[in-house]
Amino acid sequence: MTLTNKIFLSLVSGIVIGSLLNNFATEASQFLLDPIDVIGVLFISALKMLIVPVVFFSIVSGVTNLEDTTSLGRIGGKSIFLYLFTTFIAISFALIVASIINPGENANFVLEKDFKINSPPPITSVIENLIPKNPVKAFSEGNMLQIIVFAIIVGITITKMQISQKVKLKGVFTSLNDLFLKMIDIIMFFAPIGVFFLILKTFMTQGFSTILELASYFFTVLLVLIIHFFLTYGSLLFLLTKVRLVYFYSKMKNAILFAFSTASSAATIPVTLKTVEEELKVGKSVASFSVPLGATINMDGTAIMQGVATIFIANAYGINLEISDFISVIMVATMASIGTAGVPGVGLIMLAMVLNQVGLPSEGIALIIGIDRLLDMTRTAVNVTGDAAISCVVASSEKKINYNYKE
Ligand code: ASP
């Protein structure tokens, strides 16, 4: 059995067993929760352990392999533009579809009172903090944008050094990069176990009953996620690259399964990067940069949830939204995605900002929090697919993609 099939099987078993325990063995579930959690946490920690070294070493070796470092600015500009553009499309789709379906209309919800949520960082502070004052702190905190900037500076500096030193340093960074890529293989080997326990815990604590209460919201988000997943990414790949669509989606399976199980695009970076470089054959100079950048600033799935949630909450409170509110939602949701890292549940924090902007009470988030984990898993899979699709588009425009696939 291939690794992907094994992971898929664990995922399905986790869903089935977790839901059964949730429904029929509530007390046993409580007792089992802690040991199950330990294994899931170990697996997530192993993935997280790799994020910083994989990102750092692959960007440095990607940059040192560029014949022309001025192309970096171009690659960065294209990636950022496309990431924001697809987020804009995603949230626009969400608002249009949700306005038609109108989830939450005629609903009668009880609102929880003691509900607090943090606010995301303002965009100016994200820009001010792009250059790390202390790179060690950036590494220890896993501050992705700062690590990217620092790695690019290290990479460019290496290219400016004397030839003998340059060759030596290039070799060191390439070997370290290979070391951590190899480590991903080892962790992937344990993925079927890790995924099983992560999903088991989620379904033991969530169950399906909450979905039914919020079915209109849940299925509207799901519908728009599916539309965006196939239509937006499919069209971009079809129009702007020569990647075969069936090939793309089938090669993304591992990254999608990881994203789904961990609900974190940041924790999935090692797998996404490996898929984009080794399977989709995007050149390291593009992938090493666009994938971690995407995991931080590209959250199309999250934007979709925000669009639908805004309309749902407005309906639940009986508040009418104007066209100008829709425009505010689009702007704020697109910008909010830039400063927030791809970790579980961060979409709700961004949603608070969107709701504030259009004068909706952020307590409304309490309405949807019960089913957020399930949607988080699904939208993270979309976020990660977006990172890979845009990496292919940028690489194709830079002629840094190889279409000689081996099946
Ligand atoms: N969990 C998502 C991600 O990592 C972000 C979110 O929607 O909460 O991409």
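In listed order, ligands and their atoms are each counted from 1.
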Has Leu239 got more than 12 heavy atoms of other residues, nucleotides or ligands less than 6.0 Å from its CG? yes
Counting heavy atoms under 4.0 Å, the part of Arg379 that contacts ligand 1 is side chain
Of Val346, Asp387, Leu348, Asn298, the residue with the heavy atom nearest atom 5 (C) of ligand 1 is Val346
When distances are taken from atom 1 (N) of ligand 1, the protein heavy atom at minimum range is Asp376 OD1, 2.7 Å
Quick note on ligand 1: atoms under 4.0 Å from a heavy atom of Ala263 include exactly 1 (N), 4 (O)
With sequence neighbours left out, the residues meeting side-chain hydrogen bond (donor to acceptor under 3.5 Å, both in side chains) with Ser397 are Lys78
Worksheet item: Are the aromatic ring centres of Phe139 and Phe56 under 6.0 angstrom apart?
Response: yes
Smallest heavy-atom separation, Ile131 atom then Val149 atom, equals CG1-CG1, 4.2 Å
Atom 2 (C) of ligand 1 has as its nearest protein heavy atom Thr380 OG1, 3.2 Å
Output for pair (Gln146 CD, Ile148 CD1), nearest 0.5 Å, gives 11.0 Å
The atoms of ligand 1 lying under 4.0 Å from a heavy atom of Ser264, numbered in the order shown, are 4 (O)
Establish, from distance only, whether the side-chain atoms of Asp387 and Ser391 form a donor-acceptor pair under 3.5 Å.
no
Within 4.0 Å of some non-hydrogen atom of Gly345, the atoms of ligand 1 are 8 (O)
heavy-atom search around atom 4 (O) of ligand 1 in the protein gives Ser265 N, 2.8 Å
Exercise for review: Please determine if Ala266 has a nitrogen or oxygen closer than 3.5 Å to a nitrogen or oxygen of ligand 1.
Suggested key: no
- Task: May I ask you to check if ligand 1 and Gly347 share an N or O to N or O distance below 3.5 Å?
- Result: yes
Taken to the nearest 0.5 Å, the spacing of Thr385 OG1 from Phe230 CZ works out to 9.0 Å
